[in-house]
Amino acid sequence: MKLFIFPHSGGFGHNYNFFKKYQFKNIDEIYAYNYPRKLRPESKVKDERDFSERVRNAIEWVLSHDIKSGEYLLFGHSLGAFVAYEVGMELKKHGLNPLTVIMSSQNPPVSFPKIRKDFENLYIDIDYFIERLGGTNCNMNKKSMDFYKSLLISDLKLLSTYYPKVPEKDEKLDDITVFCGDDDPVLYPEYWGEWELCSSSCEKFTYHGTHFYIYQYKEDVMKKIDQHVKGG
């Protein structure tokens, strides 16, 4: 079983290296993705122009690992959850169903059009947004913080180009697993019932915490993922 991880906005694959340290019983290979970014002026990497391009690049990355239907999982945190969902939806169309798509700290994708306006201008007051989310290193120096902010702003602008569709019954994912904190400022409980529009089956786990609850409950989250694989 293979697990593919998509980071939060402004994040990198190494932020989720704790997955690789956990002794999974039912997952053999773990891969953490780095979004294509032009991090240095001399870099030949091109910045992604919109969210659909981010998804296409992510699909190519997953396919490069020789996946088989029902033998891989997709995990995404925050913005990465939307990436994981769209990758799973597209791969299902080609007969490569994920065992489950694990969505952490995110709303049901189909509800995003209703809350888009609340996300479109977050980067205007990026310091306030970061403070609300928590999870950043308070000891980060100014240069590092400015670099993080630039990545976060870029990712938030990409998110503003995300236009999910409500899938038909036969297009829905077979399974979604949801993890979240009970005090996450970017979640909208009034739309929580819309998970059933995204997947035929959905299991939800809520922890006491904010947007980055996962760093407090790493062991339990990974244990539940491992158990879900065994049960699946």
N/O donor to acceptor pairs below 3.5 angstrom from side-chain atoms of residues 68-83, sequence neighbours left out:
{"residue": "S69", "atom": "OG", "partner": "N97", "partner atom": "N", "Å": "3.1"}
{"residue": "Y72", "atom": "OH", "partner": "L96", "partner atom": "O", "Å": "2.5"}
{"residue": "H77", "atom": "ND1", "partner": "S104", "partner atom": "OG", "Å": "2.7"}
{"residue": "H77", "atom": "NE2", "partner": "H211", "partner atom": "O", "Å": "3.2"}
{"residue": "S78", "atom": "OG", "partner": "H211", "partner atom": "NE2", "Å": "2.8"}

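- Residues satisfying the salt bridge (charged side-chain N to carboxylate O under 4.0 Å, His left out) criterion with D50, sequence neighbours excluded, are absent altogether.
- Looking at heavy atoms from C-beta onward, D155 lies in side-chain contact with R37 at the 4.5 angstrom threshold.
- Looking only at distances, a side-chain donor or acceptor of D226 sits under 3.5 Å from a matching main-chain atom of K25.
- For residues 78-91, the salt bridge (Lys or Arg N to Asp or Glu O under 4.0 Å) pairs, not counting sequence neighbours, are E90-K93.
- Proximity of a side-chain donor or acceptor of Y162 to a complementary backbone N or O of P113 within less than 3.5 Å is not detected.
- For N57, the side chain to side chain donor-acceptor pair (under 3.5 Å) test picks out E48, with sequence neighbours left out.
- In terms of the side chain to side chain donor-acceptor pair (under 3.5 Å) criterion, residue partners of Y31 (sequence neighbours excluded) are, by chain and number, E29.
- In this structure, the side chain of S64 engages the main chain of W61 through a donor-acceptor pair within 3.5 Å.
- Taking 4.5 Å as the limit, some side-chain heavy atom of F12 sits within range of a side-chain heavy atom of L151.
- Under the side chain to side chain contact (heavy atoms under 4.5 Å, CB included) criterion, K224 pairs with F179, F205, Y207, D220, Q227, sequence neighbours left out.
- In this view, K92 and D174 satisfy the salt bridge (charged side-chain N to carboxylate O under 4.0 Å, His left out) rule, not counting sequence neighbours.
- To the nearest 0.5 Å, atoms CE (M103) and SG (C198) are separated by 7.0 Å.
- Side-chain atoms of S199 come within 3.5 Å of backbone atoms of L173 as a donor-acceptor pair (strictly under, hydrogens ignored).
- K223 NZ: 12 or fewer foreign heavy atoms inside a 6.0 Å radius.
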Problem set entry | Trace of the side-chain contact (heavy atoms from CB on, under 4.5 Å) decision for Y191 with V110 | CA-CA 9 Å; Y191 298 125; V110 297; over 6 Å; no
For this session: Decide side-chain contact (heavy atoms from CB on, under 4.5 Å) for I67 and L91; before the verdict, give the C-alpha distance in whole Å, the side-chain angles of both, and the deciding distance to 0.1 Å.
Result: CA-CA 10 Å; I67 60 169; L91 290 177; 3.9 Å; yes
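- The line from OH of Y85 to CD of Q106 is 12.0 Å long, rounded to the nearest 0.5 Å.
- When all heavy atoms of N107 and L187 are compared, the closest pair comes out as OD1-CA, 3.3 Å.
- Not counting sequence neighbours, the partners of W195 by the ring-ring contact (aromatic ring centres under 6.0 Å, His included) test are W192.
- Side-chain atoms of T161 come within 3.5 Å of backbone N or O of F51 as a donor-acceptor pair.
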For this session: Would you sort out whether V178 and E203 count as a side-chain contact (heavy atoms from CB on, under 4.5 Å), showing the intermediate values?
Result: CA-CA 6 Å; V178 175; E203 188 171 16; over 6 Å; no
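- Pairs of residues two or more places apart, or lying in two chains, that qualify as salt bridge (Lys or Arg N to Asp or Glu O under 4.0 Å) and include a residue from residues 188-199 are K114-E194.
- Using a distance-only test at 3.5 Å, with no hydrogens or angles considered, a donor-acceptor pair links the side chain of K2 to the main chain of D66.
- A search for side chain to side chain donor-acceptor pair (under 3.5 Å) contacts involving E171 returns nothing, not counting sequence neighbours.
- In terms of modelled atom types and a separation under 3.5 Å, the side chain of D28 and the main chain of M1 share a donor-acceptor contact.
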Exercise. Could you walk me through whether I102 and F4 pass the side-chain contact (heavy atoms from CB on, under 4.5 Å) check?
Worked result: CA-CA 10 Å; I102 306 157; F4 298 92; over 6 Å; no
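- Judged as a side chain to side chain donor-acceptor pair (under 3.5 Å), and not counting sequence neighbours, S200 has no contacts.
- Note that CD1 of I59 and CE of M89 are 11.0 Å apart. Values are rounded to the nearest 0.5 Å.
- The shortest non-hydrogen separation linking G11 to Y35 is O-CD1, 4.4 Å.
- In plain terms, the two heavy atoms of P109 and P164 that are nearest each other are O-CG, 3.1 Å.
- Note on residues 175-187: no pairs pass salt bridge (Lys or Arg N to Asp or Glu O under 4.0 Å), not counting sequence neighbours.
- A distance of 6.0 Å or more separates the ring centres of F112 and Y163.
- Here the side chains of T206 and Y213 are not in contact, with every heavy-atom distance at 4.5 Å or above.
- In terms of modelled atom types and a separation under 3.5 Å, the side chain of R54 and the main chain of L158 share no donor-acceptor contact.
- Here CZ of F212 is found 8.5 Å from CG of N15. Values are rounded to the nearest 0.5 Å.
- P167 approaches K172 most closely through the heavy-atom pair CG-CG, 3.8 Å.
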